[in-house]
Amino acid sequence: MTSVAGVRWGLVFWEQDGRGYAAITGPETRTGTAPVPVGATFTGIEFAVGTSLRAVPAPALVDGGIELPDSTRRTFRLDGARWETPGPDDAEALVERLVRARIVVRDPLVAEVLRGRRPAVSARTVERRFRAATGLTRGAVRQIERARTAAELLAAGEPTAKVVAKLDYFDEPHLARALRSFVGRTARQLREGTGGAIALDLDQRMTS
C-alpha cells in the first residue's frame with residue numbers, strides 16, 4: 001500500500017506463517033510504498049507526539065525503524081526486558097506498563113508547545129528539545145499534519161479551493177506539491193478514491 005508521511009512513532013506486532021514479529025516504527029517525512037505480506041495479521045500502536053523511548057533516540061527512527069530481535073507470538077523484548085505481545089484489546093494495558101516502567105517517556109515542554117503555549121525558554125532550546133523528543137522540527141510536524149488533514153478533507157468531497165483557503169496553503173500548486181510529497185496522491189485521486197490502498201484513514205472505500 002501507499003505509506004503516508006506521519007509524525008508519530010509506534011510499535012507494530014505481526015504474525016505470519018506461525019511466527020511472531022515486533023518492530024519499532026519511526027516518523028516518516030515522505031510518502032513511499034509499504035509491503036503487506038500475504039496472510040499476515042497486524043496490531044499497531046501509535047504514540048503521541050512528544051513521547052519517546054528511553055533507550056532509542058527519536059532521530060534514529062525517522063524514515064526507518066528497528067525490528068526487535070527474539071520476538072515470538074507471545075512475547076517480545078524491549079529495553080532489556082521481555083513483554084507480553086499485545087492484541088488489539090490489550091494494547092492500552094501494554095502502554096500503561098511501559099509508561100510505569102519509564103520505558104516510554106514524555107517531554108512536557110513539547111506537549112506545552114503543541115498546545116500553543118510559549119515556554120519560558122529560548123526558541124533554540126525549544127527547537128532542540130522538540131527535535132530530540134520527536135526526531136522532527138516543529139515546521140516538519142506542521143507541514144505533514146496539514147497535508148494529512150488536506151487529504152482527509154479532499155477525500156470527504158471538499159473542493160480543492162476551499163481546502164487551500166481553510167488550511168492556509170499559498171495556492172493550489174502548493175497544495176498539490178504537499179500532497180505529492182507527503183501523501184502520494186493527487187487531489188483528484190483522493191476525491192475519487194483511486195490510486196490503490198493507502199495507509200490513511202479516509203473514512204471511505206479505497207480501491208486495490
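Since this is a predicted model, take the numbers as computed values, not measurements.
In this structure, R146 CZ and F182 CZ are separated by 9.0 Å, a value rounded to the nearest 0.5 Å. Atom CH2 of W83 sits about 5.0 Å away from atom CG of L98, to the nearest 0.5 Å. Distance check, rounded to the nearest 0.5 Å: OG1 of T43 to CZ of F13 gives 8.0 Å. Once rounded to the nearest 0.5 Å, the distance linking CG of L190 with CZ of R185 reads 7.0 Å. In this structure, R8 CZ and L136 CG are separated by 11.0 Å, a value rounded to the nearest 0.5 Å. Going from atom OG1 of T137 over to atom CZ of R142 covers 7.5 Å, rounded to the nearest 0.5 Å.
There is a path of hydrophobic side-chain contacts, each under 4.5 Å, that joins L114 to V126. Under the 4.5 Å side-chain heavy-atom criterion for grouping Ile, Leu, Val, Met, Phe, Trp and Tyr, L200 is connected to V7 within one hydrophobic cluster. Tracing side-chain contacts under 4.5 Å through hydrophobic residues (I, L, V, M, F, W, Y), one never reaches V105 starting from I66; they form parts of separate clusters. Under the 4.5 Å side-chain heavy-atom criterion for grouping Ile, Leu, Val, Met, Phe, Trp and Tyr, V4 is connected to V163 within one hydrophobic cluster. By the criterion of side-chain heavy atoms lying less than 4.5 angstrom apart, applied directly or through intervening Ile, Leu, Val, Met, Phe, Trp or Tyr residues, L167 is grouped together with V164 in one hydrophobic cluster.
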- Message: Working note: M1 + I198, criterion side chain to side chain contact (heavy atoms under 4.5 Å, CB included); need CA distance, chi angles, decisive distance, verdict.
- Response: CA-CA 5 Å; M1 68 171 66; I198 185 170; over 6 Å; no
- Audit row: R188, T186, side chain to side chain contact (heavy atoms under 4.5 Å, CB included) steps and yes/no: CA-CA 5 Å; R188 180 175 180 178; T186 65; 3.9 Å; yes
- Test log, rule side chain to side chain contact (heavy atoms under 4.5 Å, CB included), inputs L175 and D171: CA-CA 7 Å; L175 169 61; D171 53 20; over 6 Å; no
- Task: Please step through side chain to side chain contact (heavy atoms under 4.5 Å, CB included) for the pair L78 and L53, ending with a clear verdict.
- Result: CA-CA 10 Å; L78 178 64; L53 283 166; 4.2 Å; yes
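Taking the six-membered ring where tryptophan is involved, the planes of H174 and Y169 are perpendicular, since the angle between them exceeds 60° and thus also 30°.
Under the 4.5 Å side-chain criterion, counting only non-hydrogen atoms from C-beta, V104 is not in contact with R54. Contact check for P37 versus F42: side-chain heavy atoms found under the 4.5 Å cut-off. In this structure, the side chains of F47 and V95 come closer than 4.5 Å at one or more pairs of heavy atoms. A heavy-atom distance below 4.5 Å is not found between the side chains of R30 and S181. Counting heavy atoms from C-beta on, the side chains of T33 and S3 never come closer than 4.5 Å. Residues F76 and L94 form a side-chain contact, since some pair of their non-hydrogen atoms from C-beta on lies under 4.5 Å apart. The closest side-chain heavy-atom distance from E92 to I45 is not below 4.5 Å.
When atom types are taken as modelled, the side chain of S71 and the backbone of Y21 share no donor-acceptor pair closer than 3.5 angstrom. A donor-acceptor pair is defined here as one N or O able to donate and one able to accept, closer than 3.5 Å; such a pair exists between the side chain of T25 and the backbone of G10. Remark: the backbone N or O of V121 is not paired with any side-chain donor or acceptor of T125 at under 3.5 angstrom.
A salt bridge is defined here as a Lys NZ or Arg NE, NH1 or NH2 lying under 4.0 Å from an Asp or Glu carboxylate O, and R73 with E15 meets this definition. Using a 4.0 Å cut-off between a side-chain N of Lys or Arg and a carboxylate O of Asp or Glu, R148 and E152 do not qualify as a salt bridge. Using a cutoff of 4.0 Å between basic side-chain nitrogens and carboxylate oxygens, R191 and E158 are not scored as salt-bridged.
Within a 6.0 Å sphere centred on CD of E84, other residues, nucleotides and ligands contribute 12 heavy atoms or fewer. Residue E127 places its CD atom among more than 12 non-hydrogen atoms of other residues, nucleotides or ligands, all under 6.0 Å distant. The number of heavy-atom neighbours closer than 6.0 Å to CZ of R82, taken from other residues, nucleotides and ligands shown, is above 12. Counting heavy-atom neighbours within 6.0 Å of R115 CZ, excluding the residue itself, gives a total above 12.
For the residue pair T51 and W9, a side-chain donor N or O sits within less than 3.5 Å of a side-chain acceptor on the partner.
A133 and S52 get closest at one heavy-atom pair: O-CB, 3.7 Å. R129 approaches V110 most closely through the heavy-atom pair O-CG2, 4.0 Å. For the pair T2 and V183, the tightest heavy-atom approach, listed with the atom from each and the gap, is CG2-O, 3.6 Å. Taking every heavy atom of both residues into account, A151 and L179 meet most closely at N-CD2, 4.2 Å. Between V62 and G135 the shortest heavy-atom distance is CG2-O, 3.4 Å. Listed here is the closest heavy atom pair of A23 and W14: CB-CZ3, 3.8 Å.
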